[in-house]
*Asks:* 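The structure that follows is given in the form of structure tokens.
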Amino acid sequence: MKKFFVLLLLPIFLSGCTRIDNEKEYKNIANNIINSSTNLVNTATRGYKYYLPKGVSLIYNIDFNQKFRILEEDIYMYVDIVSYYYKKDLNDYEDDFNYYFSNISSKDKVGYIGINKEDNEYFVKIVYNYAKVEFYTNEDKLSNLISYAMIIINSIEYNDVLILEIIEDNNIRSEDTVYNIIKPDDSESKFNEYLEEYVQDEEKIEALPDE
């Protein structure tokens, strides 16, 4: 039943007519997605898997960092498998957002949505499920991109066996410093610098069948 429920929600969340004028509704978007959680996954990477909704393009998959293209915007995700393994909150808490801030939580996961506004541009940071998503956008796309980001970050399922192997081998070389983006036109160059310095071969994505 929940699987059909979230499929019904997706067209509502992701249609072009869902811009929310009441900023308090951003938390409601997150809560609706959290409460309609399913086990849908279609993409696997190193230590975890997750669901990419239709219309989302995976641009890079490097260690525990992903870059997506959604509604012609770049979306960056960092997954902290160390925090997950030790069951510690992702050490990335901020409370000085000038436009919007709200905590989000479920039975065993906590996080927040924070938004800064500069002129007509919005910087969004979502921390939840031991992962972080960051992006810039305009007002018209804000609600839709938050919906997409929450669907992805909420769907992450961790592979405990593989994560244990990675941690025991100290085979963790990736950090989220690449996602300290300043402006949209700067983010691409920062990501490319990261690739040149740390990455030799791109991870291959294993597509999983829809459940």
Side-chain angles (χ1 to χ4, degrees), residues 1-10 12-14 20 23-53 56 58 61 63-68 70 75-97 100-115 123-135 142-164 166-167 172 174-176 179 208 210-211:
M1 177 63 73
K2 286 185 177 180
K3 180 175 181 179
F4 291 106
F5 178 65
V6 74
L7 292 177
L8 289 172
L9 285 176
L10 286 176
I12 298 173
F13 282 134
L14 307 180
I20 295 175
E23 61 188 41
K24 293 181 180 179
E25 294 301 314
Y26 296 126
K27 183 174 182 177
N28 291 341
I29 290 176
N31 286 337
N32 285 335
I33 292 171
I34 291 169
N35 292 332
S36 63
S37 176
T38 71
N39 294 322
L40 290 175
V41 293
N42 57 12
T43 307
T45 188
R46 192 179 180 213
Y48 54 96
K49 55 188 177 180
Y50 53 92
Y51 177 73
L52 285 186
V56 178
L58 176 61
N61 175 51
D63 288 336
F64 314 110
N65 302 272
Q66 283 79 40
K67 175 183 175 181
F68 308 111
I70 309 173
I75 312 296
Y76 297 88
M77 182 169 77
Y78 167 69
V79 178
D80 189 344
I81 66 167
V82 176
S83 292
Y84 167 79
Y85 178 77
Y86 291 105
K87 297 299 184 289
K88 295 182 178 180
D89 294 342
L90 187 61
N91 186 22
D92 190 61
Y93 184 79
E94 298 181 23
D95 60 0
D96 57 349
F97 294 96
Y100 179 82
F101 178 86
S102 178
N103 291 300
I104 53 177
S105 63
S106 61
K107 292 181 179 179
D108 56 351
K109 303 169 187 174
V110 295
Y112 67 84
I113 299 174
I115 305 175
F123 171 74
V124 179
K125 177 180 286 188
I126 301 174
V127 175
Y128 183 72
N129 195 16
Y130 303 101
K132 175 176 69 174
V133 171
E134 294 180 343
F135 59 88
L142 186 57
S143 299
N144 288 336
L145 288 177
I146 289 174
S147 299
Y148 272 112
M150 278 302 308
I151 290 169
I152 295 170
I153 204 170
N154 184 60
S155 72
I156 296 173
E157 297 180 10
Y158 292 92
N159 185 324
D160 293 341
V161 174
L162 183 55
I163 290 174
L164 176 60
I166 295 171
I167 291 177
I172 301 176
S174 178
E175 298 180 355
D176 66 334
Y179 296 131
L208 301 181
D210 290 340
E211 295 184 357

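Start at 1 with the first residue, then count along the sequence. Values below: all heavy atoms of this structure, side chains included; hydrogens, waters and symmetry mates excluded. Treat the numbers as computed from the prediction; the structure is a model and nothing was measured.
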*Asks:* Considering non-hydrogen atoms only, spot the tightest contact between Tyr128 and Ser106 and give its length.
*Replies:* OH-OG, 2.9 Å

*Asks:* Look up atom CD1 in Ile104 and atom CD1 in Ile33, then write down how far apart they are to the nearest 0.5 Å.
*Replies:*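 Spacing of CD1 (Ile104) from CD1 (Ile33) equals 9.5 Å.
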
*Asks:* Do Val124 and Leu142 have side chains that approach each other closer than 4.5 Å (heavy atoms only, starting at C-beta)?
*Replies:*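 Side-chain contact under 4.5 Å: yes.
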
*Asks:* Under 3.5 Å, side chain of Ser155 to main-chain N/O of Tyr51, donor-acceptor pair present?
*Replies:*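 Checked: pair present.
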
*Asks:* Quick check for you: to the nearest 0.5 Å, what is the distance between Thr43 atom OG1 and Tyr48 atom OH?
*Replies:*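 Thr43 OG1 to Tyr48 OH: 11.0 Å, rounded to 0.5 Å.
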
*Asks:* Please identify each residue that fulfils side chain to side chain contact (heavy atoms under 4.5 Å, CB included) with Lys107, with sequence neighbours left out.
*Replies:* none

*Asks:* Which value, rounded to the nearest 0.5 Å, describes the distance between Leu40 atom CG and Leu52 atom CG?
*Replies:* 12.0 Å

*Asks:* Restricting to non-hydrogen atoms, name the atom on Ile151 and the atom on Pro53 that form the minimum distance, rounded to 0.1 Å.
*Replies:*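 Heavy atoms only, the tightest pair is CG2-CG, 3.7 Å.
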
*Asks:* With Gln66 as reference, evaluate Val133, Asn61, Ile75 under the side chain to side chain contact (heavy atoms under 4.5 Å, CB included) test and give the passing residue.
*Replies:*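 So the option named by the test is Asn61.
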
*Asks:* Check the side chains of Asp160 and Tyr84 for a donor-acceptor pair under 3.5 angstrom, ignoring hydrogens and angles.
*Replies:*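 Their side chains do contain a donor-acceptor pair, which is all the 3.5 Å distance test asks for.
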
*Asks:* Start with the C-alpha gap between Tyr78 and Asp63, add the side-chain angles, then the distance that decides, and say whether side chain to side chain contact (heavy atoms under 4.5 Å, CB included) holds.
*Replies:* CA-CA 9 Å; Tyr78 167 69; Asp63 288 336; over 6 Å; no

*Asks:* Run the side chain to side chain contact (heavy atoms under 4.5 Å, CB included) test on Ile146 and Ile115 for me, step by step, so that the C-alpha distance in whole Å, both residues' side-chain angles and the decisive distance to 0.1 Å come before the verdict.
*Replies:* CA-CA 10 Å; Ile146 289 174; Ile115 305 175; 4.1 Å; yes

*Asks:* I'd like to check the side-chain hydrogen bond (donor to acceptor under 3.5 Å, both in side chains) partners of Tyr158; sequence neighbours left out, ordered by chain and number.
*Replies:*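 Counting only residues at least two positions away or on another chain, Tyr158 forms no side-chain hydrogen bond (donor to acceptor under 3.5 Å, both in side chains).
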
*Asks:* Does the side chain of Thr45 come under 3.5 Å of the side chain of Tyr50 through a donor N or O and an acceptor N or O?
*Replies:* no

*Asks:* Give a yes or no on whether the ring-centroid distance for Tyr100 and Tyr26 is below 6.0 angstrom.
*Replies:*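 That pair passes the under 6.0 Å test.
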
*Asks:* Which pair of heavy atoms, one from Asn31 and one from Ser105, lies closest together, and at what distance?
*Replies:*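 In this case the closest contact between Asn31 and Ser105 is OD1-O, 4.5 Å.
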
*Asks:* Stepwise, does the side chain to side chain contact (heavy atoms under 4.5 Å, CB included) test hold for Tyr130 with Ile81?
*Replies:* CA-CA 7 Å; Tyr130 303 101; Ile81 66 167; over 6 Å; no

*Asks:* Which distance, rounded to the nearest 0.5 Å, do you find between the CD1 of Ile163 and the CZ of Arg46?
*Replies:*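 These two atoms lie 10.5 Å from each other.
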
*Asks:* Let me confirm one number: the CD1-CD1 distance from Ile34 to Ile29, rounded to the nearest 0.5 Å.
*Replies:*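 Here the rounded value is 11.5 Å.
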
*Asks:* To the closest 0.5 Å, what do you measure between CG (Asn32) and NZ (Lys27)?
*Replies:* 12.0 Å

*Asks:* Which residues pass the side-chain hydrogen bond (donor to acceptor under 3.5 Å, both in side chains) test with Asp108, not counting sequence neighbours?
*Replies:* none

*Asks:* Salt bridge or not between Asp80 and Lys132? Use side-chain N to carboxylate O under 4.0 Å.
*Replies:*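 Answer for the salt bridge query: no.
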
*Asks:* Between Asn159 and Val161 (side chain of the first, backbone of the second, donor and acceptor by atom type, cut-off under 3.5 Å), is there such a pair?
*Replies:*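 Yes; judged by distance alone, with no hydrogens or angles, the pair exists.
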
*Asks:* Check whether Asn154 reaches the backbone of Met150 with its side chain - one donor and one acceptor, N or O, closer than 3.5 Å.
*Replies:* no

*Asks:* State, to 0.1 Å, how close Ala30 and Ile113 come at their nearest heavy-atom pair, and which atoms those are.
*Replies:*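 Distance-wise, the nearest heavy atoms are CB-CD1, 3.8 Å.
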
*Asks:* Counting the benzene-type ring for Trp, do Phe135 and Tyr76 have ring centres under 6.0 Å apart?
*Replies:*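 No, the ring of Phe135 stays outside the 6.0 Å limit from the ring of Tyr76, centre to centre.
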
*Asks:* Taking the side chain as everything from C-beta on, heavy atoms only, tell me whether Phe68 gets closer than 4.5 Å to Ile152.
*Replies:*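 Side chain of Phe68 against side chain of Ile152, heavy atoms only: contact under 4.5 Å found.
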
